[in-house]
Asker: 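First the structure, which I've put down as structure tokens, then a few questions once you've had a look.
Just so we're on the same page: letters track the sequence lines, and every chain starts at 1. As a basis for the values below, the full set of heavy atoms in this structure was taken, side chains included, without hydrogen atoms, waters or symmetry mates.
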There are 4 protein chains.
Amino acid sequence: MSAERVARGDARRDLMDIAIDCFARYGFQATSIDRIAKAAGLTKGALYYHFKDKEALLFAAVTKRLSQFERRVVTDLAAVPDPATALREVARVCLDHATKSNHRRMIVTLMVEAIDTNPRLAAEFRAMMHRFRMFLKRIVQRGQDSGQFRADIAAGVAAEVFTGAIMGAEIQYYQDPRTFNLAATITAFIEQFINWLSAPAPGSPRPLRAHRAAEQRSRRKSS
Amino acid sequence: MSAERVARGDARRDLMDIAIDCFARYGFQATSIDRIAKAAGLTKGALYYHFKDKEALLFAAVTKRLSQFERRVVTDLAAVPDPATALREVARVCLDHATKSNHRRMIVTLMVEAIDTNPRLAAEFRAMMHRFRMFLKRIVQRGQDSGQFRADIAAGVAAEVFTGAIMGAEIQYYQDPRTFNLAATITAFIEQFINWLSAPAPGSPRPLRAHRAAEQRSRRKSS
Amino acid sequence: MSAERVARGDARRDLMDIAIDCFARYGFQATSIDRIAKAAGLTKGALYYHFKDKEALLFAAVTKRLSQFERRVVTDLAAVPDPATALREVARVCLDHATKSNHRRMIVTLMVEAIDTNPRLAAEFRAMMHRFRMFLKRIVQRGQDSGQFRADIAAGVAAEVFTGAIMGAEIQYYQDPRTFNLAATITAFIEQFINWLSAPAPGSPRPLRAHRAAEQRSRRKSS
Amino acid sequence: MSAERVARGDARRDLMDIAIDCFARYGFQATSIDRIAKAAGLTKGALYYHFKDKEALLFAAVTKRLSQFERRVVTDLAAVPDPATALREVARVCLDHATKSNHRRMIVTLMVEAIDTNPRLAAEFRAMMHRFRMFLKRIVQRGQDSGQFRADIAAGVAAEVFTGAIMGAEIQYYQDPRTFNLAATITAFIEQFINWLSAPAPGSPRPLRAHRAAEQRSRRKSS
DNA sequence: TATGAATGAGTCTTCATTCAT
DNA sequence: CATGAATGAAGACTCATTCAT
């Protein structure tokens, strides 16, 4: 049994990776300590040697993934000056993390589960989402400042739209990975989004619409 | 004790409504039979009189909400010939169900939870999502057929983008109802989305409204 | 299995009685829920139906015994005007509860265990002990007020001595019930105690400490 | 980590001292091997190097304290010829060990816990208590033989009363060290006790020293 | 219809103990 | 001497479910 585990490789790491896997698929409550331990070729006792709690394991896992994701986003985008490219990059990283690993799925799954079920974790996720939207908002604002993006859009709302569209696409994908084409959906969205943000061709009349004015107003309040 | 429950109104209905409430907030597994029964002013035994199973209750609840939602969408939109208006209407109904009741939240919550946890329920939700996207796809196609929407967009992908954006916005809202402005986000998205659908294929000159209408007309003739 | 339990008799009562028995002998921590349940011919689940917690069972048991004991003490002594007789009665009731049931042993055992182990229970016991000493103190004071007991003794200290002597005797008895003669010990103590409290024969000089010391000294010489 | 431990001083001794501390406060079962080890700045493994067992540690600790206590009692009293003084000395040593260290508390705590929980330890304590009472009994008998104490009291019962009174006082003190005045209680008791032993048999006229000696002598003859 | 009592399987957690290094 | 890693048994507690009344 213990032979199944890899050499000297930290049992702790194994445990966490397996936990992440399970949390991504089944959520927190439906993942039993026993399942994780067994999958790691260990006993429950061993798990409790490495983690104080089921919750400690959860937090370790979440923190690991969260920081990985955020570091990756930040790293990949530090060198990208063009806002549109930056947004495309963010989308690409999300797509990557959603399809090639269970990073994003774990986050999404736990986030939904935690809302009214685990206040502490919920707070963590709320903060994370906030950071993510702030990050996007700043990119949008940069574009607006440089005149590349139109200024009559609330950057915060844009960030919310972006965040939601990615996450919603992911969920559809997790639900039906064989049928749902996540890449196509995200690509379509991102182009649509950038197109929307991009200023109209100079000279052409600004396409006003009643509701835009409203948007404008709400934005003013929030700023 | 039972006096607290409302009038003659079927205990069954009470039970289901409460179950929906709990499922929406805590999900299926974290909602105990006892919690529902107690909230309904009954004992567990009574619940088992009305429902064979915890799962039976779940399915009853889900089916009720699902059919309500779908009926509402279909009903409200049967009379809407204009595709753009129809899309706006769909968004409005979603917004409504997300903010004024727990209809949508229950669906989203259970959907995420069920994916790898309850195959039967997952199938149900997959089918529901499929129907919803098909429904949207047809609206988009109608728009494309009428020349109102550009034809170089895959209607299916558009439906996926739409579905995801709404759902992703909702989740952000459920996570942080006091801070997140769901209405603004959905409104912004829907306009962006319709704008995207209405825009000319990239490369072609951006058409003015008047031209578009003309185009539209000539397109209809040629089809 | 369930046949072993008595007819309709509240399972709850059975459970508590058995719990009291076990707590008296093994203390709280060493008494497993399972042992109690099995001894009652039930399963753990049944126990948890009747008591929220192991602690709830503990408190129910303690409260029951405590109030029984205190009620008995108060009842038996309401009609006893003579302080000396009252004290003898208290001792008799303690002896009774210590030898004919496990009332007192449970209290003593849990009290010692709880001190630094269960703050809430410890507080309960502290309060109980306090009440008991106050009760004794008042009896002593009554005797002092009536001139039956000498006034140069601190009533509070007398209560402490009394309480300790009874409890200490009990513990020796619990430790070695076959050898230790609890009745004799308690009787001897109570007579000694009352003798001590009783005022010296009228006319004879009150044996003050100073005199005693003198006595002592002269005594040593003569031996 | 191990640097925190004092100098060269045998880890074994440290371990035992800490164990005694914990046993005194929490008893045997509630004291985990881990707690002791950590408090000693070691790991569980090290503890198992020094002691075969948790029980081995327990017995080592108990034996150490017991022999210390008994040695001290015997040592301090070897040179005390006067029985009353000897009794006062015993009480003083108990008071000392109860207030200035956890010697006595450990004994009392474990004794109560062990009764029906650890037969071997219980036997040890039974024997210890027996020895202690025998020791006291001999002192009382010495007093009776010398005519200093009245002869109509069973020396064994007197020993039991004494032992119980001290122990009962201690427990009240352990339970409530800030409020309970152990010194006063023990002092009051010991004076009362000696007074009792020294008093004439009830009914007979209070005998003067001379008479008592005579009584004593005649009594010896008749027995 | 509904209740109260009970079951039993499953889950989290603790802890004494072992052992290779 | 000592540690770090791990085990396995036992214990507390939860919960869906059953059933006589």
Side-chain angles (χ1 to χ4, degrees), chain A residues 1-2 5 8 10-12 15 29-37 40-57, chain B residues 1-2 5 10-12 15 28-37 40-57, chain C residues 1-2 5 8 10-12 15 29-37 40-57, chain D residues 1-2 5 10-12 15 28-37 40-57:
Chain A
M1 283 194 175
S2 66
R5 216 148 31 70
R8 271 312 83 232
D10 288 18
R12 200 188 138 91
L15 250 5
Q29 323 207 40
T31 299
S32 81
I33 281 281
D34 215 56
R35 176 164 7 201
I36 296 170
L42 293 169
T43 55
K44 279 182 290 183
L47 194 149
Y48 275 93
Y49 175 77
H50 291 287
F51 300 93
K52 177 197 167 297
D53 233 22
K54 196 186 174 189
E55 244 206 329
L57 174 56
Chain B
M1 285 190 177
S2 64
R5 215 148 28 69
D10 289 23
R12 199 187 139 89
L15 250 5
F28 179 63
Q29 322 208 39
T31 299
S32 78
I33 283 277
D34 213 57
R35 168 143 42 183
I36 297 170
L42 294 169
T43 53
K44 282 183 288 185
L47 193 149
Y48 274 91
Y49 176 81
H50 291 290
F51 300 93
K52 173 194 170 295
D53 234 20
K54 196 185 173 190
E55 244 205 327
L57 174 56
Chain C
M1 285 190 175
S2 67
R5 218 153 25 72
R8 270 316 76 235
D10 288 17
R12 200 187 138 91
L15 250 5
Q29 322 206 41
T31 299
S32 81
I33 280 282
D34 214 57
R35 177 169 359 207
I36 296 171
L42 293 169
T43 54
K44 279 183 290 184
L47 195 149
Y48 277 94
Y49 176 76
H50 291 288
F51 300 92
K52 176 195 168 298
D53 233 25
K54 197 186 173 188
E55 245 206 329
L57 174 56
Chain D
M1 286 191 175
S2 65
R5 217 150 25 71
D10 290 21
R12 198 187 140 91
L15 249 6
F28 180 63
Q29 322 208 37
T31 299
S32 79
I33 283 278
D34 213 57
R35 166 142 43 183
I36 296 170
L42 294 169
T43 54
K44 282 182 288 184
L47 193 148
Y48 274 90
Y49 176 80
H50 292 288
F51 300 92
K52 174 194 169 294
D53 233 23
K54 196 187 173 189
E55 243 205 328
L57 174 56

Asker: By nearest heavy atom, map B:A46 and D:F28 onto DNA chain E; which one lands nearer the 5' end?
Answerer: B:A46
Asker: Using whole Å, report how far CG of C:L47 lies from C1' of E:dT7.
Answerer: 13 Å
Asker: Figure out the CZ/P separation between C:R12 and E:dA6, and round it to whole Å.
Answerer: 12 Å
Asker: For C:E55 and A:H50, take the nucleotide of DNA chain F holding the closest heavy atom to each; which residue's nucleotide lies nearer the 5' end?
Answerer: A:H50
Asker: Rounded to whole Å, how long is the line connecting atom OH of D:Y49 with atom C1' of F:dG4?
Answerer: 18 Å
Asker: Rounded off to whole Å, could you give me the CG-to-P distance for the C:L42 and E:dA5 pair?
Answerer: 12 Å
Asker: What is the distance, to the nearest angstrom, from the CG atom on B:D34 to the P atom on E:dT3?
Answerer: 12 Å
Asker: To the nearest angstrom, how far is C:K54 atom NZ from F:dA10 atom C1'?
Answerer: 12 Å
Asker: For D:R12 and D:H50, work out which heavy atoms get closest and say how close.
Answerer: NH1-O, 3.3 Å
Asker: Could you check which nucleotide pairs with F:dT7 in any of the strands shown, counting Watson-Crick or G-U wobble with both distances under 3.5 Å?
Answerer: E:dA16
Asker: Closest-nucleotide mapping onto DNA chain F: is B:K44 or C:I33 further toward the 5' terminus? I mean the 5' end.
Answerer: C:I33
Asker: Can you tell me the distance, in whole Å, between the CZ atom of C:R35 and the P atom of F:dA12?
Answerer: 11 Å
Asker: Looking only at non-hydrogen atoms, find the nearest pair between D:D53 and D:Y48 and report the distance.
Answerer: CA-CE2, 4.5 Å
Asker: Tell me: CZ of B:F51 to P of F:dT18, nearest whole Å?
Answerer: 16 Å
Asker: What closest approach, in Å, do C:L15 and C:A40 show between heavy atoms, and which atom pair accounts for it?
Answerer: CD1-CB, 3.3 Å
Asker: In the structure I gave you, are the side-chain heavy atoms of D:L42 and D:L47 within less than 4.5 Å of one another anywhere?
Answerer: no
Asker: I want to confirm an ordering. Mapping D:T31 and C:T43 to their closest nucleotides on DNA chain E, which one lands closer to the 5' end?
Answerer: C:T43
